[in-house]
Amino acid sequence: MASLTDFLRRLRGRSSASYGTIERIPAVYSPQLDNERKLLVSLPAHYSSQECRYPVIYMHDGQNLFDPAMSFSGSWNVDVAMAELSLGGLEAIVVGIPNMGHERIAEYSPFEQTGFGNGRGDLYLDFLINTVKPLIDERYLTLPDREHTGILGSSLGGLISLYAFFRHPRVFGFAGVLSPSLWLSDGAIFSFIEQAPFSPGKLYLDVGAREGARHVANAQEMRDLLEAKGYRLGQDLLWVEEEMGHHHEAAWARRFQGALPFLVPPAEPARSDRIARLIAATARSAKVTESDAQRVLRFQRMRSKGE
C-alpha cells in the first residue's frame with residue numbers, strides 16, 4: 001500500500017484542481033536578530049478562487065514542513081495534511097519559518113542556558129510578531145486577530161511555542177506544543193508558566209511514550225500545571241500521549257494532523273459541524289498510531305462523501 005503522501009500527490013497529478021500552493025518569500029531580514037531567511041507559505045486549495053480570509057499558523061523548523069529534500073531529519077508533509085483536513089472544512093494558511101542551523105538552540109530558547117549561551121527566544125518572537133506577521137498580513141488574506149493566530153512546533157520549537165502563548169497573549173490564541181524540550185535551562189519554563197497570568201485560548205500538548213521516562217514525566221508535569229492554571233482537558237487543553245511515539249519528525253507529522261481540528265477555529269461558522277466531527281475522530285484515536293493504509297482509506301471515504 002502506498003503512503004498517504006504518495007496517494008495524495010498522485011491524486012493531485014490526475015486532477016486539474018490543486019490542493020494547495022506553497023509560496024516562497026526570499027531573504028526576509030530580521031533587524032531583531034541581524035540575519036535573514038526565506039519564508040515558506042502554504043495556501044489553502046481554494047485560496048485564489050474566493051474572497052475568504054483564513055487563520056494563520058506560524059510553524060518553526062520550516063525546512064522540515066513541506067519538502068523532504070530540504071529537511072534535515074524528515075518532512076512533516078504539511079501541505080498533504082492540510083489537504084486532507086480541508087475535506088472536513090478546516091483550512092488555514094501555514095507559515096514555515098526555517099531555523100538558522102547552529103543558531104537554532106539560541107533562537108528557540110528564551111532562557112539563559114548553561115553550556116549553550118544566552119537564549120535569543122524573545123528576539124526571535126519579536127522577529128515573528130513585528131516583522132513576519134505584518135508581512136504575512138499585508139500579502140495574504142489572513143484573519144489577523146489573536147483567536148485565529150497560532151504558533152506550533154516540536155522539541156525546542158514546542159518549547160518556544162508554549163512560551164510564546166503566555167509571553168504574547170494578545171498575539172496568539174492557540175499553540176501546538178509537540179514533544180517540548182521542557183528540560184532546557186533546568187526546566188525554567190515551569191516557573192515561568194506558573195507565574196504567568198491565565199491566557200484564554202487553546203493548547204495542544206503531547207509526548208511519545210518512547211521518548212524516554214524523563215521527557216514523558218516532564219510533559220505529564222506540564223499537563224498537570226496547565227490544568228491547575230484552569231485549562232480544561234478536552235476543552236481548552238488537548239493532551240496526547242502516543243504509545244509508540246518517538247522524538248522524531250515522523251511522529252510529529254502524524255500527531256500534527258490530529259492537533260489542528262482542536263486548535264484552529266473555523267474561518268467560516270458553517271464549517272463548525274464538520275470540524276467538530278474531525279475533533280471527535282481525533283479524540284477517539286488520540287492514543288493510537290494510524291497506519292498509512294488506514295489513513296488512505298479514511299481519506300477515500302471522506303472524499304466519496306464530499307465532506
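All residue numbers in this chain count up from 1 along the given sequence.
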side-chain contact (heavy atoms from CB on, under 4.5 Å) evaluation trace for Met82 with Phe256: CA-CA 10 Å; Met82 297 305 296; Phe256 163 79; 4.2 Å; yes
Full working for side-chain hydrogen bond (donor to acceptor under 3.5 Å, both in side chains) between Ser154 and Arg255: CA-CA 11 Å; Ser154 61; Arg255 303 200 297 261; over 6 Å; no
CA sep, side-chain torsions, deciding dist, call: Leu135, Leu39, side-chain contact (heavy atoms from CB on, under 4.5 Å): CA-CA 10 Å; Leu135 176 62; Leu39 303 179; 4.1 Å; yes
Test Glu23 against Arg139 for salt bridge (charged side-chain N to carboxylate O under 4.0 Å, His left out), laying out the working first. CA-CA 11 Å; Glu23 296 189 351; Arg139 290 196 181 196; over 6 Å; no
What verdict does the side-chain hydrogen bond (donor to acceptor under 3.5 Å, both in side chains) test give for His60 and Ser161, after you've listed the backbone C-alpha separation in whole Å, the side-chain angles of each residue and the deciding distance to 0.1 Å? CA-CA 9 Å; His60 318 292; Ser161 297; 2.9 Å; yes
Applying side-chain contact (heavy atoms from CB on, under 4.5 Å) to Asp61 and Trp76, what does each step give before you reach the verdict? CA-CA 10 Å; Asp61 292 317; Trp76 290 35; over 6 Å; no
For Trp239 and Leu233: C-alpha separation, side-chain torsions, deciding distance, then whether side-chain contact (heavy atoms from CB on, under 4.5 Å) applies. CA-CA 7 Å; Trp239 160 258; Leu233 279 175; 3.8 Å; yes
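Following chains of ILVMFWY side-chain contacts shorter than 4.5 Å, one can reach Val28 starting from Leu123, so the two form part of one hydrophobic cluster. Follow the hydrophobic side-chain contacts under 4.5 Å out from Ile105 and you never reach Met100; the two are in separate clusters.
Under the 4.5 Å side-chain criterion, counting only non-hydrogen atoms from C-beta, Asn35 is in contact with Glu107. Put simply, the side chain of Phe166 reaches to within 4.5 Å of the side chain of Leu203, judged on heavy atoms. Side chains of Val56 and Leu143 form no contact here, defined as non-hydrogen atoms less than 4.5 Å apart. Considering only heavy atoms from C-beta on, Ile57 comes within 4.5 Å of Leu260 through its side chain. At a threshold of 4.5 Å between non-hydrogen side-chain atoms, the residues Tyr140 and Tyr47 count as touching. Looking at Val94 and Phe66, their side chains come closer than 4.5 Å, going by heavy atoms from C-beta outward. The shortest distance between side-chain heavy atoms of Ser179 and Asp206 falls below 4.5 Å. Glu103 places none of its side-chain heavy atoms less than 4.5 Å from the side chain of Asn99.
When all heavy atoms of His248 and Ala250 are compared, the closest pair comes out as ND1-N, 3.0 Å. The minimum heavy-atom distance between Leu238 and Gly258, with the atom names listed, is CD2-O, 4.5 Å. Across every non-hydrogen atom of Phe165 and Ala175, the tightest pair is CB-CB, 3.9 Å. Taking all atoms of both residues into account, the shortest heavy-atom contact from Leu85 to Pro261 is CD2-CG, 3.9 Å. Taking both residues in full, the closest heavy atoms of Thr142 and Ile136 are given as CG2-O, 3.8 Å, listed atom of the first, atom of the second, then distance. Residue Leu263 comes nearest to Lys202 through the heavy atom pair CD2-O, 3.6 Å, listed as atom of the first residue, atom of the second, then distance.
Between Tyr163 and the choices Ile151, Ile189, Ile193, the side-chain contact (heavy atoms from CB on, under 4.5 Å) rule is met once, by Ile189.
Put simply, the side chain of Arg146 gets close to the backbone of Phe172: a donor and an acceptor are under 3.5 Å apart. Arg210 contributes no side-chain N or O that, together with a main-chain N or O of Gly245, makes up a donor-acceptor pair within less than 3.5 Å. Looking at Ser181, its side chain never comes within 3.5 Å of a backbone N or O of Leu184 through a donor-acceptor pair. The backbone N or O of Ser199 sits less than 3.5 Å from a side-chain atom of Tyr231, completing a donor-acceptor pair.
No side-chain donor-acceptor contact under 3.5 Å links Asn130 and Gln32. Under 3.5 Å, the side chains of Asp34 and Tyr29 contain a donor-acceptor pair of N or O atoms.
Between Arg254 atom CZ and Glu249 atom CD the span is 12.0 Å, to the nearest 0.5 Å. Taking CZ of Phe262 as the reference point, atom CG of Asp236 lies at 6.5 Å (rounded to 0.5 Å). Rounding to the nearest 0.5 angstrom, the gap separating the OG atom in Ser155 from the CD1 atom in Ile160 is 12.5 Å. For the atom pair CG (Leu162) and CZ (Phe192), the distance works out to 8.5 Å, reported to the nearest 0.5 Å. Remark: Leu225 CG to Gln220 CD distance equals 14.0 Å, nearest 0.5 Å. Rounding to the nearest 0.5 angstrom, the gap separating the CZ atom in Arg53 from the CD1 atom in Ile93 is 9.0 Å.
Under a cutoff of 6.0 Å and an axis angle of 45°, Lys133 and Tyr58 do not form a cation-pi pair.
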